[in-house]
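To start, the structure under review is shown below, and the notes come after it.
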Amino acid sequence: MNQGALTDECYLSLTVEERGSLDRIRAHYQKSDVFEFGIDETLNFIDRSYEAMGKRFRDRINRETKAFGRHDGELDGVFLVIGDALRTFHGSQFFSDTPQQTAEIHKQHQCQVRKAQQLSDNAFSDILAVVNELKPTSWSKFDEEELKSAIEKLFEVKNLIDKQIDRINFAKRSDSKAEQFIVTVCYSLVWHANIKPTKPLTDCRQKTPLLRFLEVFYPIEAASILSKIYDKERQTPEGLKIGASFIKPV
């Protein structure tokens with residue numbers, strides 16, 4: 001086993017079992033360019049995130065994953081969590097860089113939604129007025145029924161448009177890259193091992209293992225975002241917490 005991006009201290013402290021675990025993760029992602037950031041960067045993330053977890057947190061993840069029982073394959077919990085983190089980091093690149101950017105995009109989107117709703121309302125009102133004006137000119141029962149049917153179809157189209165506009169009228173901005181990554185990693189830990197998000201710092205003001213892990217990918221944003229998630233979870237009813245809607249493992 002080569003040292004890779006591991007520090008001397010971590011590399012020398014690894015047990016035979018830990019080396020085998022890390023080798024399996026490395027081997028899986030060495031096969032091809034799975035992510036756009038390439039094999040070398042992928043292996044760098046694997047080594048640094050594996051070390052950042054620390055032995056106690058890695059052991060806890062593996063132990064809780066096995067006890068929770070959602071995954072019963074050969075892969076250990078650390079493999080599953082790091083794999084999810086890599087895929088999430090890759091996917092997070094499609095989000096905006098900062099919350100300010102996502103807020104601005106959301107503001108513009110809301111403006112476009114209001115404009116679309118206004119155009120729809122005005123167009124519907126104009127067409128409805130024309131059809132109602134034509135009603136007295138109908139020469140037969142058939143004409144009258146056709147105009148009535150036209151109004152009913154107009155209402156159906158209007159309801160369809162309103163539903164679609166309501167569907168895309170998002171109440172809040174989307175996440176930034178870092179926010180999307182960190183909240184998804186928290187979901188991953190709950191999904192695989194039923195480990196809830198922790199606060200970023202211990203009572204002794206030391207970084208928690210989860211924060212160290214997250215900082216490998218987003219060193220600047222991780223602490224504040226994890227802190228917000230932790231505080232929000234503490235105030236959220238049990239039925240609405242992260243993982244509350246997950247189907248329990250058999």
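Computed from a predicted structure; not experimentally measured.
Taking the side chain as every heavy atom from C-beta outward, Asp203 and Arg205 never approach each other to under 4.5 Å. Annotation: side chain of Lys207 is not in contact with side chain of Phe213 (no heavy-atom distance under 4.5 Å). Leu214 places none of its side-chain heavy atoms less than 4.5 Å from the side chain of Glu221. Using a 4.5 Å cut-off on side-chain heavy atoms (C-beta onward), Val81 and Thr65 make no contact.
Between the OH atom in Tyr29 and the CG atom in Leu86 there is a gap of 5.5 Å [rounded to 0.5 Å].
In terms of heavy atoms, Ala244 sits closest to Leu240 at CB-N, 4.1 Å. Residues Val216 and Ala52 share a closest heavy-atom pair of CG2-CB, 3.7 Å.
Proximity of the aromatic rings of Phe45 and Phe37 is defined here by a centroid distance below 6.0 angstrom, and this criterion is met.
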inquiry  = side chain to side chain donor-acceptor pair (under 3.5 Å), that's the test. Do Asp121 and Gln117 meet it? Break it down for me.
reply    = CA-CA 6 Å; Asp121 291 343; Gln117 186 69 68; 3.1 Å; yes
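When each of Lys153, Glu145, Glu146 is paired with Ser149, the side chain to side chain contact (heavy atoms under 4.5 Å, CB included) condition holds for Lys153 and for no other. Checking each of Leu119, Val157, Asp162, Leu154 against Phe124 for a side chain to side chain contact (heavy atoms under 4.5 Å, CB included) leaves exactly one that passes, namely Leu154.
The 12-atom threshold is exceeded at CG of Asp59, counting heavy atoms of other residues, nucleotides or ligands nearer than 6.0 Å.
Classified by interplanar angle (parallel below 30°, tilted 30° to 60°, perpendicular above 60°), the ring pair Trp191/Phe246 is perpendicular.
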